[in-house]
Undergrad: 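This is the structure, below, for whatever I ask next.
Because the structure is a prediction, the values reported are computed rather than measured. Numbering of residues begins at 1 and proceeds along the displayed sequence. In each ligand, atom 1 is the first atom listed, and ligand 1 is the first ligand listed.
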Amino acid sequence: MEDLSDYRKSYEKSQLLENNIPEDPMNLFHRWFYETEEQGNIEEVNAMTVSTIGLDGFPKSRVVLLKKFNEEGFIFYTNYNSEKGKAINNNPNVCLSFFWHSMERQVIIKGIAEKANPVISDNYFESRPDGSKLGAIVSPQSQVIESREFLDKKLKELENEFQSKPIPRPDYWGGFLVRPVEVEFWQGRPNRLHDRIRYHLQDDYFWKIERLAP
Ligand SMILES: Cc1cc2nc3c(=O)[nH]c(=O)nc-3n(C[C@H](O)[C@H](O)[C@H](O)COP(=O)(O)O)c2cc1C
């Protein structure tokens with residue numbers, strides 16, 4: 001049995017106080033995101049965990065890349081027929097989370113996912129390198145495949161087919177927009193007395209702000 005009870009770290013870098021936060025959580029997310037990008041020395045600051053409730057009734061979490069955020073919410077791209085795509089189709093309630101460890105910060109977002117506007121997905125797909133475009137077409141994401149060769153062979157075939165043709169976005173691949181209903185910001189503090197500020201959406205437009213015990 002490995003005993004990890006001595007793994008211990010004190011969090012001392014920052015604080016999160018009510019007198020220094022905006023009324024809208026997207027503004028605080030924006031502030032934290034760019035502070036992390038500038039000071040966090042983190043390679044993929046936009047990597048986040050998406051949790052869904054699956055068709056089998058189990059929650060499942062996996063990492064995806066956040067590709068856009070604005071006042072509407074958060075957008076990531078994926079295969080709509082993947083396990084997460086089917087889960088969202090059945091139950092759009094999802095959770096996104098970020099752990100920016102060098103900043104001693106965590107953000108947890110509960111929200112409702114919907115397919116992004118197709119124009120947004122088209123524009124993003126178009127901006128990707130050809131190899132990534134073909135990869136999205138080649139991979140029946142989350143399905144069982146017989147071998148690695150299956151992917152390599154299909155990629156070769158598509159490279160030939162699309163040698164001098166534009167590569168269209170497949171309709172089973174695109175963005176999900178997650179509209180937040182609750183956003184919690186966690187800032188590590190000494191003695192395990194961390195700061196937790198939760199924004200909860202009321203009546204579709206007003207954000208109620210509360211402090212939670214750590
Ligand atoms: C750093 C990182 C970034 C990833 N980005 C994405 C992404 O943007 N979209 C995506 O569909 N999968 C991404 N993945 C793969 C997912 O974690 C996951 O394996 C895949 O989406 C299939 O998940 P599912 O079977 O639960 O639907 C990423 C994985 C890692 C580790």
Side-chain angles (χ1 to χ4, degrees), residues 26 29-30 32-70 72-103 105-152 154-155 158 167-180 183:
M26 293 311 282
F29 182 83
H30 186 279
W32 273 26
F33 185 90
Y34 287 105
E35 281 176 3
T36 304
E37 180 162 75
E38 281 155 30
Q39 307 157 30
N41 198 19
I42 289 177
E43 223 166 83
E44 287 186 301
V45 62
N46 61 331
M48 61 180 182
T49 299
V50 182
S51 303
T52 52
I53 304 293
L55 301 184
D56 57 4
F58 281 90
K60 183 180 171 186
S61 305
R62 77 290 279 162
V63 174
V64 301
L65 297 177
L66 176 68
K67 286 293 176 174
K68 208 185 252 299
F69 65 93
N70 57 24
E72 281 195 310
F74 304 84
I75 292 185
F76 66 93
Y77 293 90
T78 195
N79 186 312
Y80 291 137
N81 295 330
S82 64
E83 188 174 346
K84 77 182 88 49
K86 288 177 178 159
I88 290 170
N89 192 38
N90 184 55
N91 181 347
N93 295 353
V94 301
C95 183
L96 311 177
S97 70
F98 296 82
F99 173 41
W100 292 315
H101 60 93
S102 61
M103 304 295 282
R105 285 175 176 174
Q106 172 180 227
V107 183
I108 303 172
I109 299 146
K110 290 185 192 169
I112 318 284
E114 61 188 68
K115 281 186 182 173
N117 183 322
V119 176
I120 290 186
S121 294
D122 284 340
N123 289 343
Y124 175 67
F125 189 79
E126 193 42 45
S127 75
R128 303 180 96 204
D130 281 358
S132 305
K133 289 181 184 165
L134 292 177
I137 300 176
V138 162
S139 172
Q141 193 178 54
S142 316
Q143 288 181 32
V144 175
I145 51 173
E146 71 247 20
S147 64
R148 171 80 221 180
E149 286 68 47
F150 166 86
L151 298 175
D152 297 337
K154 218 165 142 197
L155 179 63
L158 287 179
I167 306 166
R169 175 177 69 89
D171 57 5
Y172 53 81
W173 191 97
F176 276 116
L177 164 66
V178 177
R179 295 182 188 270
V183 188

Undergrad: For atom 4 (C) of ligand 1, find the nearest protein heavy atom and state the residue, atom name and distance (0.1 Å precision).
TA: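 Ranked first by proximity to atom 4 (C) of ligand 1 is V63 O, 3.5 Å.
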Undergrad: Within the supplied structure, the quantity of interest is the number of heavy atoms (other residues, nucleotides, ligands) at a distance under 6.0 Å from K68 NZ; does it exceed 12?
TA: no
Undergrad: Please check if the number of heavy atoms outside D56 that lie under 6.0 Å from its CG is greater than 12.
TA: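 Enclosed: over 12 neighbouring heavy atoms sit under 6.0 Å from CG of D56.
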Undergrad: Measure from atom 20 (C) of ligand 1 to every heavy atom in R62, E83, Q141, Q143 and give the option owning the shortest one.
TA: Q141
Undergrad: Determine whether a donor-acceptor pair (N or O, by modelled atom type, separation under 3.5 Å) exists between the side chain of R62 and the backbone of V50.
TA: yes
Undergrad: Which heavy-atom pair separates A47 from L65 by the least distance, and what is that distance?
TA: CA-CD2, 3.9 Å
Undergrad: Does the protein place a non-hydrogen atom closer than 4.0 angstrom to atom 25 (O) of ligand 1?
TA: yes
Undergrad: Are any of the N/O atoms in L65 less than 3.5 Å from those in ligand 1?
TA: yes
Undergrad: Measure the distance from atom 6 (C) of ligand 1 to every protein heavy atom, then report the residue, atom name and distance (to 0.1 Å) of the closest one.
TA: V64 CA, 3.5 Å
Undergrad: Begin with the C-alpha distance, continue with both residues' side-chain angles, and end with the deciding distance and a verdict on ring-ring contact (aromatic ring centres under 6.0 Å, His included) for Y80 and Y172.
TA: CA-CA 5 Å; Y80 291 137; Y172 53 81; 8.9 Å; no
Undergrad: Just to confirm my output: which protein heavy-atom neighbour is closest to atom 23 (O) of ligand 1, and how far is it?
TA: K84 NZ, 3.4 Å
Undergrad: Counting only heavy atoms not in E43, do more than 12 fall under 6.0 Å of its CD?
TA: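 Atom CD in E43 is not packed in, count stays at 12 or less.
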Undergrad: Which of the numbered atoms in ligand 1 are below 4.0 angstrom from a heavy atom of T78?
TA: 10 (C), 11 (O)
Undergrad: Which of the numbered atoms in ligand 1 are below 4.0 angstrom from a heavy atom of E44?
TA: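 Near E44, meaning under 4.0 Å from one of its heavy atoms, ligand 1 has 1 (C).
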Undergrad: Run the numbers for me: atoms of ligand 1, each under 4.0 Å from some heavy atom of K60, listed by number.
TA: 24 (P), 25 (O), 26 (O)
Undergrad: Within a distance under 4.0 Å of any heavy atom of Y77, pick out the atoms of ligand 1 and give their elements.
TA: 7 (C), 8 (O), 9 (N), 10 (C), 11 (O)
Undergrad: So, does S82 use its side chain to make a donor-acceptor pair with the main chain of S142 at under 3.5 Å?
TA: no
